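For ligands, and for the atoms within them, numbers begin at 1 and follow the listed sequence. Keep in mind that the numbers below use all heavy atoms, side chains included, and drop hydrogens, waters and symmetry copies. Predicted model, so just to flag it, every value in this text is computed and none were measured.
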Amino acid sequence: MKNFDFDLIVIGAGSGGVRASRMAAKTGARVAVIEANALGGTCVNIGCVPKKLFYYGAEFSHAWVEAKGYGWDIKDPQFNWQTLRDNKTKEIERLNGVYQRILENVQVKIIHGFAKVVSAHEVAVGEKIYSAERILIATGNSPHRPSFPGAEHASVSDDMFYLKEFPERAVIIGGGYIACEFAGIFSGLGAKITQLYRGELFLRNFDNDVRHHVADQMRKHLDLQFHTDVIKLERAKSGIIVHLNNEKTLETDLVLFAAGRKPNTAQLGLAEVGVKLNDNGAVIVNDYWQTSVPSIYALGDVIDRFQLTPVALAEGMAFVKTVYENKPTKLDYTLIPTAVFCDPNIGTVGLTEAQARKKYQQVKIFKSKFKPLKQTLTERNVQVLVKIVVDGESDKVLGIHMVGDSAGEIIQGFAVALTLGVTKAQFDATIGIHPTTAEEFVTLREPVTIEK
Ligand code: NDP
């Protein structure tokens, strides 16, 4: 066998790349990971983690209002963006160090620089060439940048984590995870937000009741405009002028373009060595993350299946089991719980009502909207939505959906039950925890509609 420098070279030290490097090294493989930016990738540096820290910062805006109803007299709280931004950055730098130690503890060699694949077994970083029996592409993805006139005045999500000044006004373009999350966070932190979505109703692929409910709730604290798109941006003295497709204009301090992400495969040299990419630039892999070049694998956001950190982690584990533990392991992508940290939160797992009706003859829907107990003493006008989708024939729970505080925390637990194939009768047999919002899921008795 050829004498390679390493058994495995991983390109990209994000969630999937670090997990795969670490687990492969633990099996005794000689591993190197190459990273051009900070260790931890999107999730740690410019995604999930700093976003959630900003989200916690924004939640205080509700706490001040709620506290009043509970007898607290809080005078004029002031928000300081620089404090939140810089405390966040310190924490992220600490995490970068944690990632470095995690890798070094299992003897993974960390190589800083931009990697280019030059053959089926070789990677170049600058002038230096490294060889490996296998190469794993885990380079993630990046925000799609707009191409309308004046697009240079728009920011993307990467920029939001290091803004010099907090905007008084912001226009957010898009109707997916990132647009909805930043709309809630920046509104909570005190900016006047306008969110624009090009279609009829945002949050495509979520349950329709969830989409309508979130729109109703968000409209209470920001300006949400559907069927609206941007055609041009212009810089003016007083801000950025946003020209819309309905001939209106808006003036704002910041424009966030949050319209999807593209796989990071440009300049990696993949097509040149025979790795097939799809039209979007994503690496095409089989069930075991192997590309069209047998020694090259790929996983995480760069394969564009589910752009979620826990999915990349699971793929990393399954890749290592398959390749280094001789246990071929596929991943079941059917039940992936997810949360959108918009305001209010969405938590969801399994099928939407529309997906269930396409697949099953008899679908039963159980749902409820209510004011949570905590808000009965406050001036906050919010409503929670809980919804269960059930197969009427087998009684199996197909999907559960929630909009409200801590929806992600609540749905994570129910995701275990759905993974185990829980039935509605088992939900009914479960004792509730009173008084909680989550108990509603085990006390919903009457279906809203029964379709035969
Ligand atoms: P999404 O795919 O979630 O949403 C993209 C949005 O942008 C859609 O509303 C889409 O509209 C709209 N859009 C696309 N192209 C254009 C365009 N040219 N002009 C105007 N609007 C456009 O992408 P995000 O960027 O929000 O997030 C990327 C991914 O990152 C998510 O899908 C998710 O997997 C992951 N993520 C997960 C988070 C979490 O787990 N909490 C948080 C943040 C991101 P349309 O529906 O009409 O196509």
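- Nearest protein heavy-atom contact of atom 4 (O) of ligand 1 is G176 CA, 3.3 Å.
- At a 3.5 angstrom cut-off on N or O pairs, I173 does not count as close to ligand 1.
- H62 and D343 are linked by a side-chain donor-acceptor pair at a separation below 3.5 angstrom, with hydrogens and angles left out of the test.
- A heavy-atom separation below 4.0 Å is not found between F202 and ligand 1.
- Between F257 and H144, the two ring planes are tilted [angle within 30° to 60°].
- Under 4.0 Å from ligand 1, the heavy atoms of A258 that appear belong solely to its backbone.
- Checking F427, F366, F414 one by one against F441, the ring-ring contact (aromatic ring centres under 6.0 Å, His included) holds for a single residue, F414.
- For an aromatic pair to be called close, the ring centres must be under 6.0 Å apart, and F79 with F186 fails this.
- Of the polar atoms of L308, none of the N or O atoms is found under 3.5 Å from an N or O of ligand 1, judged by distance alone.
- From the protein, the heavy atom lying nearest to atom 25 (O) of ligand 1 is G260 N, 2.9 Å.
- Residue-to-ligand polar distances place A339 within reach of ligand 1: an N/O pair is separated by less than 3.5 Å.
- Some N or O of Y177 is nearer than 3.5 Å to an N or O of ligand 1, by distance alone.
- By the 3.5 Å distance cut-off applied to N or O atoms, V340 is not counted among the residues near ligand 1.
- Classification of the F166-W81 ring pair by plane angle, with boundaries at 30° and 60°, yields tilted.
- Considering each of R198, K262, R305, the one bringing a non-hydrogen atom nearest atom 18 (N) of ligand 1 is R198.
- Using a 4.0 Å cut-off between charged nitrogen and carboxylate oxygen, R94 and E91 count as a salt-bridge pair.
- The nearest non-hydrogen atom to atom 19 (N) of ligand 1, considering only V156, D229, I346, comes from D229.
- Each of V416, T338, L335, T419 was checked for a side-chain contact (heavy atoms from CB on, under 4.5 Å) with V349, and the lone residue meeting it is L335.
- Under a cutoff of 6.0 Å and an axis angle of 45°, K88 and F54 do not form a cation-pi pair.
- The side chain to side chain donor-acceptor pair (under 3.5 Å) test with D209 is passed by exactly one of H401, K369, K387: K387.
- Contacts with ligand 1 closer than 4.0 Å are made by no heavy atom of P143, backbone or side chain.
- Here Q307 has heavy atoms under 4.0 Å from ligand 1 in both its backbone and its side chain.
- Neither the backbone nor the side chain of F306 has a heavy atom within less than 4.0 Å of ligand 1.
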